[in-house]
Amino acid sequence: MTTHEALPAISSFTRPVDFPGHWLWGAAPAFNADPLGAMMTAAQMGRIVRLRFFNTSAYLLREPEDVKHVLVDNHRAYHKGYGLQALKPILGEGLLTSEPPLHTRQRRMIQPAFHRQRIAAYADIITRYADEHLATWRDGAQLDLHEEMMRLTMVIVARCLFDVDVSREAGQVGQAITDLIQMFDFNRIGPLGQFIDRLDLRKRRERNRRLKVLDDLIYAMIRLRRAEGVDHGDLLSMIVLAQDEEATSAADRRMSERLARDEVLTLFIAGHETTAIALTWTFYLLSQHPEVEAKLHAEVDALLGDPQRPQRLLTWDDLPGLEYTRRVFAEAMRLYPPAWATGRLAIADDVMAGVSIGKGASVLVSPYVTHRLEHLWPEPERFEPDRFAPEEEQRRPKFAYFPFGGGPRRCIGEPFAWMEGQLLLATIAHRYQVQVAPGYVAELDPQITLRPRHGMPVILKRRNRASPPAG
Ligand code: HEM
């Protein structure tokens, strides 16, 4: 019997299980106090669990086939949920937050930047920047790994997609993004919350101050490129030139400049924040599992030789030789999926596994939850990269693993993220063993993304031949 058939049968028009809650606020207090814990508790209560947040209902789905139903099979019945809509004051109508037909048109325009050939060309930029960044590291140094990964992935995405060097701005821009993420308030994601948010002038001022740091950078990039009038053959040129073609008046131009800003800012933030988090958690897990770390070191040493005297940088052609590295990165994203939950809003009535989902209801799917279902992932809390051996992957149903979402809203940067994750992980692991600082206790901070709370202090240990791979 497959794991799928093991699901409890659900008769037609089943009532969903209700999550207990406060008479007025519903599940909001429990979710605000501990979003991940509350979601895990809810997921154990049934296949589809209804949560009330004040006066709106949200259905939490956990099974792969239900996730697939919402993200793929019946995606037309859904728009992005309140959580992503609440990002519109920051991201505007960029790819992550817009809806069809705008989304369909923009996705078609942006997609070529993520075709295989283009991605391959980014590999050298990634390893060159990694090499430069590692030259600033020292044996025995203590630093915040999350901050380091943010800085590195930020300069990489800016160079690959927009052909600009943001290393000077990285610190200030990174801080602005961190502040904006921390300002995000789960209490304010429903319709009422958004209304209250609009009235909160102090918060709006604070947000706009941070946003200005990002806008100054993004508009400068767009205007410079437009003034140059030269096609760099990169994504920034594609966006700027496409916007220009559509503008027939100065007013159109201003509007389209705003849309260009939304797209560039979305790709800039989405293109580094999540990858940085995934890498940070990967090194955390490696520091806790020396046997996995040793196998990873053996793989990269076989490709690159003596860590003390690296002869060359990794390239696109090395990726097939980094199979264990891929598994390690995949397993880290199973346990700590950077985009840990996403929501949808039903714009039409739907029925899922016998439960009727009325128009206007919210639906939540969480890789954090589904990636821990025991019938799909035995001993779910155990870090075991070989779960991602190809034959194991084939045994699991689609959407047992979905760190990049699915369907027409699937992460556009997924191929980029896999390549970057593998190359950075291998390059760093070849030269340094990353140990979490003594006394550090990992704490998850489930905001929009799953960051480590208060960063991740680590101590760097330069590798040499005296630390041979085991196993
Ligand atoms: C480990 C790294 C990454 C993870 C875990 C991740 C995860 C996700 C997820 C789950 C979604 C779908 C959200 C939803 O359905 O509501 C998404 C969308 C998106 N991601 Fe990523 N992402 C990563 C890296 C990247 C990179 C490198 C880029 C760009 C260079 C990127 C750009 C985007 C964009 C633009 C969207 C919106 C796509 C659309 O709706 O058409 N992401 N990402």
Side-chain angles (χ1 to χ4, degrees), residues 67-68 70-72 75 78-87 91-115 118-119 122 125-126 149-150 152-154 156-162 234-236 239 262-282 326 329-345 362-368 370-371 399 401-425 448-451:
V67 174
K68 179 167 167 285
V70 169
L71 298 185
V72 185
H75 70 87
Y78 295 93
H79 273 176
K80 288 284 178 125
Y82 290 124
L84 282 155
Q85 285 178 21
L87 286 178
L91 299 178
E93 292 293 330
L95 217 50
L96 191 64
T97 39
S98 62
E99 298 295 346
L102 176 65
H103 174 267
T104 319
R105 180 161 61 89
Q106 296 292 95
R107 175 119 187 176
R108 206 175 299 130
M109 189 242 307
I110 291 170
Q111 192 73 61
F114 295 95
H115 284 166
R118 293 294 285 269
I119 301 275
Y122 302 145
I125 299 178
I126 291 173
M149 292 299 102
M150 287 280 285
L152 178 56
T153 53
M154 187 190 295
I156 286 174
V157 81
R159 175 61 82 196
C160 289
L161 300 186
F162 312 130
D234 63 0
L235 184 55
L236 184 58
I239 292 174
D262 293 350
E263 296 298 6
V264 173
L265 182 62
T266 296
L267 286 154
F268 180 64
I269 296 183
H272 78 276
E273 158 80 18
T274 39
T275 316
I277 292 175
L279 284 162
T280 305
W281 287 121
T282 306
R326 180 191 70 81
F329 192 56
E331 173 70 344
M333 284 195 289
R334 180 184 72 80
L335 283 169
Y336 302 121
W340 61 280
T342 188
R344 294 291 187 267
L345 185 67
S362 294
V363 167
L364 294 172
V365 297
S366 165
Y368 184 89
T370 302
H371 292 179
F399 288 89
Y401 183 68
F402 63 106
F404 294 96
R409 309 305 301 254
R410 189 181 185 102
C411 176
I412 200 170
E414 178 176 351
F416 186 108
W418 280 112
M419 174 195 60
E420 185 182 18
Q422 265 173 285
L423 291 177
L424 290 184
L425 180 53
I448 302 166
T449 48
L450 195 56
R451 290 174 159 214

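As the structure lists them, so they are numbered: ligands from 1, and atoms in each ligand from 1. Nothing here was measured: the structure is a model prediction, and the numbers come from that model.
Atom 1 (C) of ligand 1 has as its closest protein heavy atom Met333 SD, 3.7 Å. Summary of contacts: the protein heavy atom closest to atom 6 (C) of ligand 1 is Phe404 CD2, 3.7 Å. Ranking protein heavy atoms by distance to atom 16 (O) of ligand 1, first place goes to Thr342 OG1, 2.7 Å. Closest to atom 13 (C) of ligand 1, if we only count protein heavy atoms, is Lys80 NZ, 3.9 Å. With hydrogens left out, the protein atom closest to atom 12 (C) of ligand 1 is Arg409 O, 3.5 Å, a heavy atom. When only non-hydrogen protein atoms are considered, atom 35 (C) of ligand 1 lies nearest to Ile412 CG2, 3.6 Å.
Contact between Phe114 and ligand 1 is present, with at least one heavy atom of the residue lying under 4.0 Å from the ligand. Using a 4.0 angstrom heavy-atom cutoff, Arg344 counts as in contact with ligand 1. Using a 4.0 angstrom heavy-atom cutoff, Gln106 does not count as in contact with ligand 1. Residue contacts with ligand 1 do not include Glu414, since none of its heavy atoms lies under 4.0 Å from the ligand.
Within the 4.0 Å heavy-atom criterion, both parts of Leu96, backbone and side chain, lie near ligand 1. Heavy atoms of Leu84 found under 4.0 angstrom from ligand 1 belong exclusively to the side chain. At a heavy-atom cutoff of 4.0 Å, ligand 1 is contacted by the side chain of His103 but not by its backbone. If you look at Arg107 next to ligand 1, the close heavy atoms, those under 4.0 Å, all belong to the side chain.
Contact annotation: the side chain of Gln111 approaches that of Arg107 to within less than 4.5 Å [non-hydrogen atoms, C-beta and beyond].
Considering all non-hydrogen atoms of both residues, Gly94 and Thr266 come closest at CA-OG1, 3.6 Å. Residues Ala339 and Pro403 approach most closely at CB-O, 4.5 Å, considering heavy atoms.
Nearest residue to atom 24 (C) of ligand 1 from Ile269, Thr449, Thr274 is Thr274 (criterion: closest heavy atom). Selection from Pro408, Gly271, Pro403, Pro337 by nearest heavy atom to atom 7 (C) of ligand 1 gives Pro403. Evaluated by nearest non-hydrogen atom to atom 25 (C) of ligand 1, the leading choice among Ala270, Ala417, Ala332 is Ala270. The heavy atom nearest to atom 21 (Fe) of ligand 1, out of those in Ala341, Cys411, Pro338, Gly421, is found in Cys411.
Of all atoms in ligand 1, listed by their number and element, those nearer than 4.0 Å to a heavy atom of Phe416 are 27 (C). Every atom of ligand 1 with a heavy atom of Gly405 under 4.0 Å away is listed here by number and element: 10 (C). Distances below 4.0 Å separate heavy atoms of Ala339 from the following atoms of ligand 1: 10 (C).
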Between Tyr401 and Arg334, does a side chain to side chain contact (heavy atoms under 4.5 Å, CB included) hold up when you go through it step by step?
CA-CA 7 Å; Tyr401 183 68; Arg334 180 184 72 80; 3.8 Å; yes
Begin from the C-alpha positions of Thr342 and Arg409 and carry the test side chain to side chain contact (heavy atoms under 4.5 Å, CB included) through to its verdict.
CA-CA 11 Å; Thr342 188; Arg409 309 305 301 254; over 6 Å; no
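A side-chain donor-acceptor contact under 3.5 Å links Thr97 to the backbone of Gly92. Looking at Tyr368, its side chain never comes within 3.5 Å of a backbone N or O of Leu450 through a donor-acceptor pair. Judged by distance alone, the side chain of Glu273 and the main-chain N or O of Met150 form no donor-acceptor pair under 3.5 Å. Within the 3.5 Å criterion, the main-chain N or O of Ala113 finds no donor-acceptor partner in the side chain of Arg118. Judged by distance alone, with hydrogens and angles left aside, the side-chain atoms of His371 form a donor-acceptor pair with the main-chain N or O of Phe402 at under 3.5 Å. Of the possible polar contacts, one joining the Thr153 side chain to the His272 backbone as a donor-acceptor pair under 3.5 Å is found.
The aromatic rings of Tyr122 and Phe416 are tilted relative to each other, their planes meeting at an angle between 30° and 60°. Using bins of under 30°, 30° to 60° and over 60° for the plane-to-plane angle, the ring pair Trp418/Phe404 lands in the tilted bin.
Every N/O-N/O distance between Arg410 and ligand 1 stays at or above 3.5 Å. Between Thr275 and ligand 1, not a single N/O pair is under 3.5 Å apart. Ligand 1 has an N or O atom lying under 3.5 Å from an N or O atom of Leu95, backbone or side chain. An N or O contact shorter than 3.5 Å is missing between Thr266 and ligand 1 by distance. Between Glu420 and ligand 1, no pair of N/O atoms sits closer than 3.5 Å.
Judged by distance alone, the side chains of Arg344 and His75 never bring a donor and an acceptor atom under 3.5 Å apart.
The residue from Ile277, Thr280, Thr275 that alone fulfils the side-chain contact (heavy atoms from CB on, under 4.5 Å) condition with Met149 is Thr280.
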